[in-house]
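Data block below; observations after.
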Amino acid sequence: MSIDKGLTKVVAAETNISHIDGNEGILIYRGYSAKDLAIQYDFESVCYLLWYGKIPTEEEYESLNQTFKKNRELPDHVRDIIEHLPRNVDMMSVIRTSLSALGDETIQWPPTKEQAIKLTALVPTIIATRFRKLNGLEPVVPNEELGHVANYLYMLNGEKPMKAHVKALNAYTVLTMEHGMNASTFAARVIASTESEMVSAITGAVGAMKGPLHGGAPTEVTEMLNEIGSKENAKPWLRDRLESGKKLMGFGHRVYKTQDPRAEALKEVTRNLTVDDHWLDLANYVEDLAIELLEEYKPGRKLYTNVEFYAAAVLRAVEMPSELFTPTFTASRVVGWTANVIEQAEDNRIYRPQSKYVGKMPSHLVDQ
Ligand code: COA
């Protein structure tokens, strides 16, 4: 049996949810191009597509909206937990802990679409409640007139968001909702395969998402661009980083060996936004230079811009604080996780790969 570190060549499941063609740079959700969905549909419609396998009719859309509305408010004990966690507990840990505390009798195996809606509805409320608490502000009750994405911005800032911001964040959430068998989705499916309930599966996925190689990159992209600061400093900074063997955040992808289609779509979104021009201009400049230098230092590795690079630009443009970048990614990826958990349960077999023992053997066995 051969070892495949990182499981790159292992196909661990059949799925109807999403398809990635890494060479062509194509991402499909249940038969639709994710790029097209991001332009034409809102968050709720694409949630419906991922969970139910079709674009909703008007009645189905309305019924989904009603279920979202019913589930947006936090149970009292979860609000208490959020308020009492020490200030130094980071937001991803707050999400993980809050979701984990939901594990009551309403969230039992087998996973259901209602459970998926409930968890998805709650994540923005968890983030906003904690964010406001840390800033000495009272939580904002969700606004029944607003959709999911607008409500997120509303609960964070306490005022109705600008349409352009909602549109940009909507595109971001649709493009980042689902992405094949990535690390956090795999974690969710492994946990679900034990017939543990959806809350445990999603809690595990949040833990996987927290790592900088997965969901932490946009924050680090912002830090990288802030450190670079100017076009003149870009080349020496990038060279220095590559020569010391470090990675450039927002570049490279396990699957895409060409432009990440989500990065392209988000770059397009930034063109229609009023943003800090200097920063966006620098981002465009650094992108081109980084691709050139990556080819020089890592020839043939096909390292291009990934979704996180332009995610950083869009999230900055909608005035999202950088510490909320990964949590916001989580608020959208929870849709894909829950869809995958449901699919896993429909045709379940517990995951049980093997490992090759390379440690010491007892002497009597070595001597034989
Ligand atoms: N900057 C510099 N070099 C990079 C790089 C980057 N961003 N991404 C990959 N490489 C190099 C690796 O060092 C490796 O070089 P080697 O062949 O000399 O050892 C080679 O390219 C292959 O990379 P590897 O780490 O094996 O690819 P992977 O498929 O295991 O990892 C990522 C994919 C995303 C984890 C990796 O590209 C990365 O760490 N990127 C930066 C973090 C990031 O943007 N994450 C968000 C992902 S959406």
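Numbering of ligands and ligand atoms starts at 1, following listing order. As the structure is a computational prediction, the values presented were derived from the model and not from experiment.
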| task | Would you check the N or O atoms of Leu242, main chain and side chain alike, for any that come under 3.5 Å of an N or O of ligand 1? | result | no

| task | Side-chain contact test, heavy atoms from C-beta onward, threshold under 4.5 Å: evaluate it for Lys54 versus Arg30 and give yes or no. | result | no

| task | Would you tell me which option among His253, Lys247, Lys298, Glu308 has the nearest heavy-atom contact to atom 15 (O) of ligand 1? | result | Lys298

| message | Between Lys247 and Glu220, does any NZ, NE, NH1 or NH2 come within less than 4.0 Å of an OD or OE carboxylate oxygen? | response | no

| Ring center gap for Tyr256 and His179 short of 6.0 angstrom | yes

| Could Glu295 and Arg301 be called an ion pair, given the rule that one side-chain N must be under 4.0 Å from one carboxylate O? | no

| Can a non-hydrogen atom of Gly250 be found less than 4.0 Å from any atom of ligand 1? | yes

| Ligand-residue contact atoms, ligand 1 with Gly252, heavy atoms, under 4.0 Å | 34 (C), 37 (O)

| task | Could you pull out, from Tyr304, Phe251, Phe329, the option with a heavy atom nearest to atom 41 (C) of ligand 1? | result | Phe251

| task | From atom 44 (O) of ligand 1, work out which of Leu213, Asn306, Leu294 has a heavy atom at the shortest distance. | result | Asn306

| task | Check each heavy atom of Leu303 against ligand 1 and say whether those closer than 4.0 Å belong to the side chain, the backbone, both or neither. | result | side chain

| Heavy-atom distance to atom 31 (O) of ligand 1: which of Lys246, Arg254, His214 wins? | Arg254

| note | Exactly one candidate in Asn284, Thr305, Asp260 meets side-chain hydrogen bond (donor to acceptor under 3.5 Å, both in side chains) with Tyr310; the answer is Asn284

| message | Counting neighbours of NZ on Lys133 that are heavy atoms of other residues, nucleotides or ligands and sit closer than 6.0 Å, is the number greater than 12? | response | no

